[in-house]
Number of protein chains: 2
Amino acid sequence: MTVAVSEQTRERLLSAAREVFSECGFQGATVREICRRAGANVAAVNYHFGSKDALLAEALHFESLKLLQETNAQADACPEVRLGLFVRDFMHMLLDENSTSSQCKIMARELADPTPALDQIVREAIAPLHDYLAGLVREIVGDGVSDIELHRCVHSITGQCLYYHHSHPVLQRLHPELRYDGTEIDAIAKHIADFSLQGLKHLGKQA
Amino acid sequence: MTVAVSEQTRERLLSAAREVFSECGFQGATVREICRRAGANVAAVNYHFGSKDALLAEALHFESLKLLQETNAQADACPEVRLGLFVRDFMHMLLDENSTSSQCKIMARELADPTPALDQIVREAIAPLHDYLAGLVREIVGDGVSDIELHRCVHSITGQCLYYHHSHPVLQRLHPELRYDGTEIDAIAKHIADFSLQGLKHLGKQA
DNA sequence: AAGCGTATCAAACGCTCGTTTGAATTTCAA
DNA sequence: TTGAAATTCAAACGAGCGTTTGATACGCTT
């Protein structure tokens, strides 16, 4: 079973890479730390993947994000409720420490700091996600809204979601009692969904 | 005028540091690049400030953020309009390339990546800003809203604003035609203000 | 058991980083 | 003008990084 042994190391490296990339970002993550957590030698990354860049590219497979869209699209409910479900599931992927889908966290981290993999991330994950949300929002607001305004609404929703993830260090200092447990994440998601739905419902009205 | 010459180098270093920190973040910024732009020797930073950390701490003085709050607080208008003005001015500080206040951009960059200066940033800039916005939102929503829900509303507003800044690389790939000129920034700010005001006005209503 | 390709390993390479050094230069009061 | 203090400079230091190397250990076929 020589192949199996090799595959074990490869998989352990990929798993450790997702962990470290999502915790430290691409720049902050070191090949040495990834190998340490995988119980492998420093040279293992370059042997199995060729480079740190290629390891990131392999570690990025957005099955969970696709799954999120598909399960949401299959939900038998009105678009308003589906938006709420989407926000809830998305927030759990972003914030839940026990979440197995660290790809989402890696993605969030790379938003601001372009790496060679950003084009791939945008193409395979962010653009489809954005388009799906845009379709959902279109169902809610109808045809009387321009595409530009529609995109801005999507940005308003994703901006609220990502804020809790990427500003976590700040929020912890602002509200030391803040903990991201399951019920807190649900409450935050409900707030974002309700807040945004009101913004969508009354679109165009002057405040 | 020996003092003046020395002061000139110090000031050039501070100015260059604000530039590079806001462009590249603390990790990405290098002492060599800062000194190059300041026309100074590599050793200048450590001679004048002691370390890269200390340079960041000195480069952070949030007069412009305080000014933003004060001018907004003095505005003779209802809280709804003042929120709109606040969002507009804040977005210009975040997005306008000609904006002289790079402190705001440095701050935004450091949100996700804790540096030794983050405690100072939160204490001197973010917390006052958050509190000011919380007061403004409280005026709008009244007393029937819990503090927790109030904070979440503030996060919804700042989250939308910061998204356009920290996700700029992604948004450029999603919408290649996007440019942050003055009128575009105004339009984005108006959208965020209107969108958020509807969320605030109808707080507590199920969607 | 021998031979071969695969996988792992300790060690080191080349590079960049923040920082330090010590000499050279500039400044300005005495 | 002179001398001490302040400033600038080229050069190098030490540490950490991604990566490479060449030897070693392993698994499997023959």
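A, B, ... follow the sequence lines: proteins, then strands. Residue 1 opens every chain. Since the structure is predicted, the reported quantities are computational estimates derived from the model, not experimental observations.
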Residue pairs involving residues 107-131 of chain B (criterion ring pair (Phe, Tyr, Trp, His ring centres under 6.0 Å); sequence neighbours excluded): A:His175-B:His130, B:His130-B:His151, B:His130-B:His155

Those residues that, when tested against B:Tyr132, pass ring-ring contact (aromatic ring centres under 6.0 Å, His included) (two or more places apart): B:Phe86

Listing time: all N or O pairs from protein to nucleotides 13-20 of chain D that are below 3.5 Å?
| unit_1 | atom_1 | unit_2 | atom_2 | d |
| --- | --- | --- | --- | --- |
| D:dG18 | OP1 | A:Ala29 | O | 3.3 |
| D:dG18 | OP1 | A:Val31 | N | 3.3 |
| D:dG18 | OP1 | A:Lys52 | NZ | 3.0 |
| D:dG18 | OP2 | A:Val31 | N | 3.0 |
| D:dG18 | N7 | A:Arg32 | NH1 | 2.8 |
| D:dG18 | O6 | A:Arg32 | NH2 | 3.1 |
| D:dT19 | OP2 | A:Lys52 | N | 2.7 |
| D:dT19 | O5' | A:Asn46 | OD1 | 3.4 |

OP1 or OP2 of C:dT6 under 4.0 Å from side-chain N/O of A:His48: no

Non-neighbouring partners of A:Gln27 that pass side chain to side chain contact (heavy atoms under 4.5 Å, CB included), sequence neighbours left out: A:Asp113

Only pairs under 3.5 Å count here: list side-chain donor-acceptor contacts from residues 63-71 of chain B, not counting sequence neighbours, and write none if there are none.
| unit_1 | atom_1 | unit_2 | atom_2 | d |
| --- | --- | --- | --- | --- |
| B:Thr71 | OG1 | B:Leu67 | O | 3.0 |
| B:Thr71 | OG1 | B:Leu68 | O | 3.1 |

Sub-4.0 Å heavy-atom contacts from residues 14-23 of chain B onto DNA chain D, ordered by number: none

Pairs satisfying ring pair (Phe, Tyr, Trp, His ring centres under 6.0 Å), at least one member in residues 13-45 of chain A, at least two apart: A:Phe21-A:Phe26

Beyond-backbone contact of B:Leu203 with A:Gln198, side-chain heavy atoms, under 4.5 angstrom: no

Whole angstrom value for the distance that separates P of C:dA10 from CZ of A:Arg36: 15 Å

Listed partners of B:Phe195 passing ring-ring contact (aromatic ring centres under 6.0 Å, His included), at least two apart: B:His191

Would you give me the side-chain donor-acceptor pairs under 3.5 Å for residues 176-189 of chain A, sequence neighbours excluded?
| unit_1 | atom_1 | unit_2 | atom_2 | d |
| --- | --- | --- | --- | --- |
| A:Arg179 | NH1 | A:Pro176 | O | 3.3 |
| A:Tyr180 | OH | A:Tyr164 | O | 2.9 |
| A:Asp181 | OD1 | A:Thr183 | OG1 | 3.4 |
| A:Asp181 | OD1 | A:Glu184 | N | 3.0 |
| A:Glu184 | OE2 | B:Arg152 | NH2 | 3.3 |
| A:Asp186 | OD1 | A:His92 | NE2 | 2.8 |

Interatomic distance, B:Glu33 CD vs C:dT16 P [rounded to whole Å]: 14 Å

